[in-house]
Protein chains: 2
Amino acid sequence: MKPPRPNLSELARHLGVSIATVSNALSGKGRLSPELAKRIRDAADRMGYVPSQAGRALRTGRSGVLGLVLPDIGNPLYPEIAQEIERVATNAGYGVLIANSRDEIAAQDKAIFQLIERGVDGIVIVPRRGTTVPATACPIAIIDTPTTPRNTVSADHFEGGAQVARHLRALGHEKILLIGDDPSSNVQNARINGMRSQLHEAKEIETIWIVEIEAKGGKSCPLGLAAWRARGFSAFACVSDPHALRALTELQSAGIAIPAEATVTGFDNLQWSSFISPPLTTVKMNMPEIATLALDALVEAIQSREASDDTPSPPVTARKAAVPMELVIRRSSGPAPKEQPAAGISQEESKHA
Amino acid sequence: MKPPRPNLSELARHLGVSIATVSNALSGKGRLSPELAKRIRDAADRMGYVPSQAGRALRTGRSGVLGLVLPDIGNPLYPEIAQEIERVATNAGYGVLIANSRDEIAAQDKAIFQLIERGVDGIVIVPRRGTTVPATACPIAIIDTPTTPRNTVSADHFEGGAQVARHLRALGHEKILLIGDDPSSNVQNARINGMRSQLHEAKEIETIWIVEIEAKGGKSCPLGLAAWRARGFSAFACVSDPHALRALTELQSAGIAIPAEATVTGFDNLQWSSFISPPLTTVKMNMPEIATLALDALVEAIQSREASDDTPSPPVTARKAAVPMELVIRRSSGPAPKEQPAAGISQEESKHA
DNA sequence: TAGCGTTGATTAAACGTTTAATCACACCTG
DNA sequence: CAGGTGTGATTAAACGTTTAATCAACGCTA
């Protein structure tokens, strides 16, 4: 009842062989007879041997752990990223250490440093908007936007925006309001630029930023969308599902029917977007592929670093930098209403099922 | 330009002292003159010394890493938990390794095992509904519900439910629909039981489970809430914000005004719940305190385990098992409508601002 | 039969840290 | 001045693994 956790020497002693032989048998590296190898492997899992990561890490210089830096774990956008990174990493034999940069400019660098201190073999970073990732001694993959200077791989936010815009044009919308949250976000700008790229012939395109509105109206204040509707804007294209949700409920509770009287679209296909009423038209990232590309590149860099020096090097590059997004058409988007409502229309009028 | 990562012996050689002295100076453990200690510390961070976790872990037997097992990282409920655990753990000098049990019954055990394999010092588990956590060789904290047998600490979901119910009663609601997702969830049952505990004198209380409705109607199908409204149910109390969102939008798009004609409440105070229209009345967990309690207990267990044996022991117990929840009253809840609408009412009628 | 290549196993060093044990030395005390 | 007490530093072992180097034994060939 002494050793609930045998180690290599325990095993070796018990079997009457050397430590190296046991190590070789379990890793399949050295030369040894097949029958002895099998005998050792059997004994190993009979005795419940589990290798010490610490010992291995010390010897090999690699910990088998990757770091994941997220701007704000609480933000509903990132869990899906975390989920996929974790899945792919686990498949590749890596553990994932999380770090939260809490959306603060300094916290990101500190988080990265702490991960390195913990001995991670590589880091995946979803950068806080507008920050630059410091050069580090271990390989780094950056997931931001395809046009961000040192980006490794990301969704093609621009093309995703273009898809939304084409969808809205096909539905006949002429006056479209683009709703962003923060103009300093690379991702949001890419999406908005993508939308604008397809809307040159539209009658009127405007962009509003929620942080600017909230700076005046206070946190969670109304966005005044009913007024935009009254001015004839029939489509409200948001840079993320939570904002679409905000728009959708604000319009609904102002008595404007979706999609009959106004169209609302989002981005990211968050879990609840499919079961609200009406279900939200949105754009989905191919996170499994993004995660796979990022981690493939990262793992390759880690392995090639093998016996090399470890001077800071630029972020790794993936086989493909931009992964297409997928437009998910649901019922929150519909044909532009025929009649242009007169300006100053009351919220109470014009109601259909 | 050779050594971007000096180690203790490098430092020692450079300073002309022994390795042990350097170690002592940096840890403040042994006996040495203050001025030498300072000289060593200065040199250490001038040369950019960063200790090897691997070496330390091997020697001390502790990795400084905790594992966090979540049922489904993609679920919007868990990120906040992850965020707070990460925060508290970082403050306590621990790293957090995440593991996803993907809501599968087997994956949870595998995830736990993998964490142990990676050498974590302790594990925080938010158990998948209805599973039992296996006994392990390292300390474990379980966050589920206060009444779950081996629970360490959690929000007082029952009392939270009671608060919602008292709020609804105070508003005059007599016919209340409780909306759950999955009856096998401990948390959801606790919340529902808590609500029921305060509703004995109410006229009519019913509970519906979304998984059962979807089993018939398909994923994301309507819940048929307008019909319940027509039967006179004026309050729809959901076990989580996403379900409340589903209910709220379903009612709104059926032309039922919130809160004038129906009240909707949720749980968990997710980020978007404050800025939808109307803002959602919900109940908030005190995650910072829960995380603190769980980690305090865990860290204490880790330290007391010091030189002790490492036979499996039951989950750690916290100073306080149930942390009160906080009712957040917003505009989605309002007084019960005066007139009881006649049965079979059409969705089109009875509309106010 | 001496020499050689191959096979199957062992020896020993190394990774970087912590820490108990030791040591040299100076200072006090009886 | 012998013996005891601190002080400030060093020595050396240990954690568990990987792996290059070594070695014994054996079957071949020359």
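Heavy atoms only: backbone and side chains are in, while hydrogens, waters and symmetry mates are out.
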Can you establish whether the number of heavy atoms outside B:Glu300 located under 6.0 Å from its atom CD is more than 12?
no
I need the CD-C1' distance between B:Glu35 and D:dG8, as an integer number of Å.
10 Å
The single option from A:Arg39, A:Arg46, A:Lys38 that satisfies side chain to side chain donor-acceptor pair (under 3.5 Å) with A:Asp42 is A:Lys38
What is the separation between atom CG on A:Leu32 and atom P on D:dA25, rounded to the nearest whole Å?
19 Å
If I take atom CG in residue B:Leu26 and atom C1' in nucleotide C:dT19, what distance separates them, rounded to the nearest angstrom?
15 Å
Contact class for A:Thr21 (heavy atom, under 4.0 Å): base, sugar-phosphate, or nothing?
base
Take atom NZ in A:Lys320; do more than 12 heavy atoms of anything else shown fall under 6.0 Å from it?
yes
Are B:His14 and B:Pro6 side-chain neighbours, meaning at least one heavy-atom pair lies under 4.5 Å?
no
Qualifying residue, where the test is side chain to side chain donor-acceptor pair (under 3.5 Å) with B:Thr148 and the options are B:Asn151, B:Asp144, B:Thr152
B:Asp144
Salt bridge between A:Arg102 and A:Asp72, side-chain N to carboxylate O under 4.0 Å?
no
Spacing between A:Leu36 atom CG and C:dA9 atom C1', to the nearest angstrom:
8 Å
Return the polar atom pairs (N/O with N/O) between nucleotides 15-18 of chain D and the protein under 3.5 Å, or none.
from   : atom 1 : to      : atom 2 : distance (Å)
D:dC15 : O2     : B:Arg59 : N      : 3.4
D:dG16 : OP2    : A:Asn7  : ND2    : 3.3
D:dG16 : N2     : A:Gly55 : O      : 3.3
D:dT17 : OP1    : A:Tyr49 : OH     : 2.4
D:dT17 : OP1    : A:Ser52 : N      : 3.3
D:dT17 : OP2    : A:Leu8  : N      : 2.6
D:dT18 : OP1    : A:Arg56 : NE     : 2.9
D:dT18 : OP1    : A:Arg56 : NH2    : 3.3
D:dT18 : OP2    : A:Ser23 : OG     : 3.0
D:dT18 : O2     : A:Arg59 : NH1    : 2.1

Integer-rounded Å distance: D:dA24 P and A:Arg31 CZ:
15 Å
B:Leu15 has an atom CG; how far is it from atom P of D:dT10, in whole Å?
10 Å
